[in-house]
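Notes follow the structure.
We number each residue from 1, following the sequence as shown.
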Amino acid sequence: PYGDQALSLSKAMFDFLGGFPDQCLMEDYELVVLLRKRVALFKSSSSSSLFGHQEVLKIVPGKPALCSPRRWQKFGVLYVTFMNSKFVNKYCGGLGPDQLYKMYYGSDPPKRESKLSPWEEELHKILSEN
């Protein structure tokens with residue numbers, strides 16, 4: 001996903017992942033990384049289902065998700081595809097979301113009150129209790 005696509009997860013799966021990572025950029029990519037890691041845990045076990053349901057891809061009924069084509073129309077398919085790949089490669093190579101944000105938007109990312117994401121804070125509380 002590159003911000004111009006939609007992801008659909010059940011609430012149980014979204015909660016299991018800890019919600020969206022608190023990042024200014026690449027949060028959708030990181031959510032999919034978390035999803036793949038969590039699903040791998042289930043694939044390695046004897047169970048072939050997640051939360052009692054078989055893993056499937058399907059069209060979600062209801063109104064369609066609306067995603068803007070502006071960037072694709074403005075810059076063209078080759079440029080947008082190249083830039084998406086470039087940023088994913090930089091992210092996977094260790095460049096952080098704040099650094100990518102500055103490259104992408106040419107300005108500092110919005111300030112956050114905590115350096116930890118909400119799910120990291122919750123995990124820290126759980127680990128501190130034990």
Side-chain angles (χ1 to χ4, degrees):
Y2 298 110
D4 57 359
Q5 300 170 14
L7 296 171
S8 178
L9 303 170
S10 69
K11 182 176 180 343
M13 180 57 74
F14 188 73
D15 290 344
F16 178 66
L17 296 174
F20 275 111
D22 186 24
Q23 299 180 195
C24 56
L25 206 62
M26 302 299 288
E27 72 285 352
D28 49 354
Y29 184 86
E30 191 62 30
L31 183 70
V32 172
V33 169
L34 289 170
L35 180 61
R36 287 181 176 148
K37 287 179 181 177
R38 299 298 196 283
V39 168
L41 294 173
F42 289 98
K43 285 184 178 179
S44 65
S45 71
S46 60
S47 172
S48 63
S49 65
L50 292 172
F51 302 103
H53 297 90
Q54 289 296 104
E55 182 180 347
V56 296
L57 288 175
K58 64 180 179 178
I59 303 294
V60 178
K63 292 184 179 182
L66 300 177
C67 300
S68 174
R70 287 187 307 258
R71 194 165 51 117
W72 295 89
Q73 291 170 336
K74 181 176 180 180
F75 298 111
V77 172
L78 289 177
Y79 177 81
V80 173
T81 301
F82 171 77
M83 293 304 286
N84 286 345
S85 296
K86 177 181 173 180
F87 277 86
V88 167
N89 285 328
K90 286 187 176 296
Y91 184 71
C92 292
L95 204 60
D98 290 354
Q99 297 163 301
L100 288 171
Y101 186 97
K102 194 164 188 161
M103 285 177 64
Y104 190 83
Y105 291 106
S107 64
D108 289 331
K111 298 290 181 206
R112 293 189 290 284
E113 291 183 25
S114 172
K115 292 195 180 227
L116 297 176
S117 69
W119 61 273
E120 288 171 319
E121 288 177 0
E122 188 65 30
L123 179 61
H124 182 68
K125 286 179 197 174
I126 292 168
L127 294 175
S128 296
E129 291 172 0
N130 295 329

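For the atom pair K37 NZ and E30 CD, the distance stands at 6.5 Å (nearest 0.5 Å). Note that the CG atom of L34 and the CE atom of M13 stand 11.5 Å from one another [nearest 0.5 Å]. Put simply, CZ on R71 and CG on N84 are 4.5 Å apart, with the number rounded to the nearest 0.5 Å. A distance of 4.5 Å separates CE of M103 from NZ of K86, quoted to the nearest 0.5 Å. Rounding to the nearest 0.5 Å places OH of Y104 at 7.5 Å from CZ of F87. Distance check, rounded to the nearest 0.5 Å: CG of L35 to CZ of F14 gives 11.5 Å.
Every ring pair (Phe, Tyr, Trp, His ring centres under 6.0 Å) that Y105 has, sequence neighbours left out, goes to Y101. K102 pairs by the side-chain hydrogen bond (donor to acceptor under 3.5 Å, both in side chains) definition with D108, not counting sequence neighbours. In this structure, the side-chain hydrogen bond (donor to acceptor under 3.5 Å, both in side chains) partners of K11, at least two apart in sequence or on a different chain, are D15.
The heavy-atom pair separating L31 from G19 by the smallest distance is CD1-O, 3.6 Å. Annotation for Q23 and P97: closest pair NE2-CG, 3.4 Å, computed over non-hydrogen atoms.
Within the 4.5 Å cutoff, side-chain heavy atoms of L17 are placed close to those of L9. Residues W72 and T81 form a side-chain contact, since some pair of their non-hydrogen atoms from C-beta on lies under 4.5 Å apart. Residues M26 and V88 have side chains in contact (heavy-atom distance under 4.5 Å, counting atoms from C-beta outward).
Note on V80: it does not cluster hydrophobically with L78, by side-chain heavy-atom contacts below 4.5 Å among ILVMFWY residues.
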